[in-house]
**Q** 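Encoded as structure tokens, here's the structure I'll be asking about.
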Amino acid sequence: MTEKILREMAAYFGEDVRRINHAVKVFGFAQAIGRLEGLPEDVQLALELAAILHDIGIHEAEKKHGSTAGPYQELEGPPIAETILKRCGADAALIPRVLELVGSHHSYGRIDGLDFQILVEADFIVNIFEDSMRGAPVRQIIEKYFKTETGKRLALSMYPA
């Protein structure tokens, strides 16, 4: 299933290689953290699909709202994600959770499960690198937003103080 969703995400983003690479990196970290944290397989799959699709609304956000801000991505992402998930034959029981994660992945106060927490951590790990962040701001992000032992270890090994 993840392979089909990856293919569809890449097709949707087309020549926007930056967005494709970002999604693949977040997927990789989310997959690893989820497995190392021992998520049940159904929760792991929902996490992986959400990681692949988490920013799928970014083009529509730019088009409709002139912004890539998180709330606009959260608004525009779920309908696109739902179309992709259904086209790829995703289990109907998984779709609501994936859409919830896509539609709230920038709303850190809404974290309601380990899958959501891991998605946030994976996205931060990638964003810190892509935004060339260093020093105190990185430490603050890790201290404030990272809760899993695996995510903390990864982030601190990649971005030492």
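It should be emphasised that the depicted structure is a prediction, and the values quoted were computed from it without experimental measurement.
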**Q** Take I125 and K25 through the side chain to side chain contact (heavy atoms under 4.5 Å, CB included) test and state the conclusion after the steps.
**A** CA-CA 9 Å; I125 287 171; K25 288 185 279 187; over 6 Å; no
**Q** If you look only at distance, which donor and acceptor atoms sit under 3.5 Å apart when one is on a side chain in residues 141-148 and the other is two or more places apart or in another chain?
**A**
unit_1, atom_1, unit_2, atom_2, d
K147, NZ, K144, O, 3.0
T148, OG1, E121, OE1, 2.5
T148, OG1, G151, N, 2.9

**Q** Taking C-beta and beyond as the side chain, do E48 and M1 meet within less than 4.5 Å on heavy atoms?
**A** no
**Q** Quick one: does R19's side chain get under 4.5 Å of Y12's, heavy atoms only?
**A** no
**Q** Determine the minimum heavy-atom distance between A81 and L53, stating which atoms define it.
**A** CB-CD1, 4.0 Å
**Q** Going from CD1 on I80 to CD1 on I58, what distance comes out if it is rounded to the nearest 0.5 angstrom?
**A** 11.0 Å
**Q** Describe, in one word, how the ring planes of F13 and H59 are oriented to each other, choosing from parallel (under 30°), tilted (30 to 60°) and perpendicular (over 60°).
**A** perpendicular
**Q** Treating Ile, Leu, Val, Met, Phe, Trp and Tyr as nodes and any side-chain heavy-atom pair under 4.5 angstrom as an edge, say whether L47 and L6 lie in one connected cluster.
**A** no
**Q** A side-chain contact here means heavy atoms from C-beta on lying under 4.5 Å apart; do P96 and L99 qualify?
**A** no
**Q** For A69, is there any backbone N or O sitting under 3.5 Å from a side-chain donor or acceptor partner on S67?
**A** yes
**Q** I'd like to know if K152 pairs up with E37 as an ion pair, taking the criterion as any Lys NZ or Arg NE/NH1/NH2 lying under 4.0 Å from an Asp or Glu carboxylate oxygen.
**A** no
**Q** Are side-chain heavy atoms of I56 and I84 found at a separation under 4.5 Å?
**A** yes
**Q** Name the one of I118, V26, I128 that satisfies side-chain contact (heavy atoms from CB on, under 4.5 Å) with D123?
**A** V26
**Q** How many angstroms lie between atom CZ of F27 and atom CG of L119, to the nearest 0.5 angstrom?
**A** 12.5 Å
**Q** Please evaluate residues H65 and E60 with respect to the criterion side-chain hydrogen bond (donor to acceptor under 3.5 Å, both in side chains), reporting the C-alpha separation (whole Å), side-chain torsions for both, the decisive distance (0.1 Å), and the verdict.
**A** CA-CA 8 Å; H65 308 282; E60 282 299 303; over 6 Å; no
**Q** Go through the steps to decide whether N21 and R18 satisfy the test side chain to side chain contact (heavy atoms under 4.5 Å, CB included), and finish with yes or no.
**A** CA-CA 5 Å; N21 282 332; R18 189 175 105 207; over 6 Å; no
**Q** Going from CD1 on I5 to CG on L85, what distance comes out if it is rounded to the nearest 0.5 angstrom?
**A** 4.5 Å
**Q** Can you tell me how far NE2 of H22 sits from CZ of F129, rounded to the nearest 0.5 angstrom?
**A** 12.5 Å
**Q** Measuring only between side-chain heavy atoms, which start at C-beta, is T2 closer than 4.5 Å to L45?
**A** yes
**Q** Is the distance between the ring centroids of H54 and H106 less than 6.0 Å?
**A** no
**Q** Would V43 and L114 count as a side chain to side chain contact (heavy atoms under 4.5 Å, CB included) here? Give the steps.
**A** CA-CA 9 Å; V43 177; L114 194 52; over 6 Å; no
**Q** Please evaluate residues E149 and L36 with respect to the criterion side chain to side chain contact (heavy atoms under 4.5 Å, CB included), reporting the C-alpha separation (whole Å), side-chain torsions for both, the decisive distance (0.1 Å), and the verdict.
**A** CA-CA 9 Å; E149 287 304 313; L36 289 167; over 6 Å; no
**Q** Nearest 0.5 Å, what's the OG-CD1 distance between S104 and I111?
**A** 9.0 Å
**Q** I'd like to check the salt bridge (charged side-chain N to carboxylate O under 4.0 Å, His left out) partners of K4; sequence neighbours left out, ordered by chain and number.
**A** none
**Q** Please go through L75's hydrophobic cluster and name the other residues, only I, L, V, M, F, W, Y counting, with side-chain heavy atoms under 4.5 Å joining them.
**A** none
**Q** Could you tell me the separation between the CD1 atom of I20 and the CD atom of E15, rounded to the nearest 0.5 Å?
**A** 9.0 Å
**Q** Report the residues that fulfil side-chain contact (heavy atoms from CB on, under 4.5 Å) with A23, sequence neighbours left out, ordered by chain and then residue number.
**A** M9
**Q** Ignoring hydrogens, what is the shortest heavy-atom contact between F116 and S107? Give both atom names and the distance.
**A** CZ-O, 3.7 Å
**Q** Closer than 3.5 angstrom, by distance alone: can the side chain of Q44 be matched with the main-chain N or O of Q31 as a donor-acceptor pair?
**A** yes
**Q** Under the salt bridge (charged side-chain N to carboxylate O under 4.0 Å, His left out) test, which residues partner E74, sequence neighbours left out?
**A** none
**Q** Output side-chain donor-acceptor pairs under 3.5 Å for residues 87-95, partner residues at least two apart or in another chain, one line each.
**A**
unit_1, atom_1, unit_2, atom_2, d
R87, NE, E8, OE1, 3.1
R87, NH2, E8, OE1, 3.1
D91, OD1, A93, N, 2.9

**Q** How close do A30 and A122 get, counting heavy atoms only, and between which atoms?
**A** N-CB, 3.6 Å
**Q** E76 pairs by side-chain contact (heavy atoms from CB on, under 4.5 Å) with which of K64, K63, E62?
**A** K64
**Q** Please determine whether residues V126 and V138 belong to a single hydrophobic cluster, defined as Ile, Leu, Val, Met, Phe, Trp and Tyr linked transitively by side-chain heavy-atom distances below 4.5 Å.
**A** yes
**Q** So, for Y108 and F124, is the gap between ring centers shorter than 6.0 Å?
**A** yes
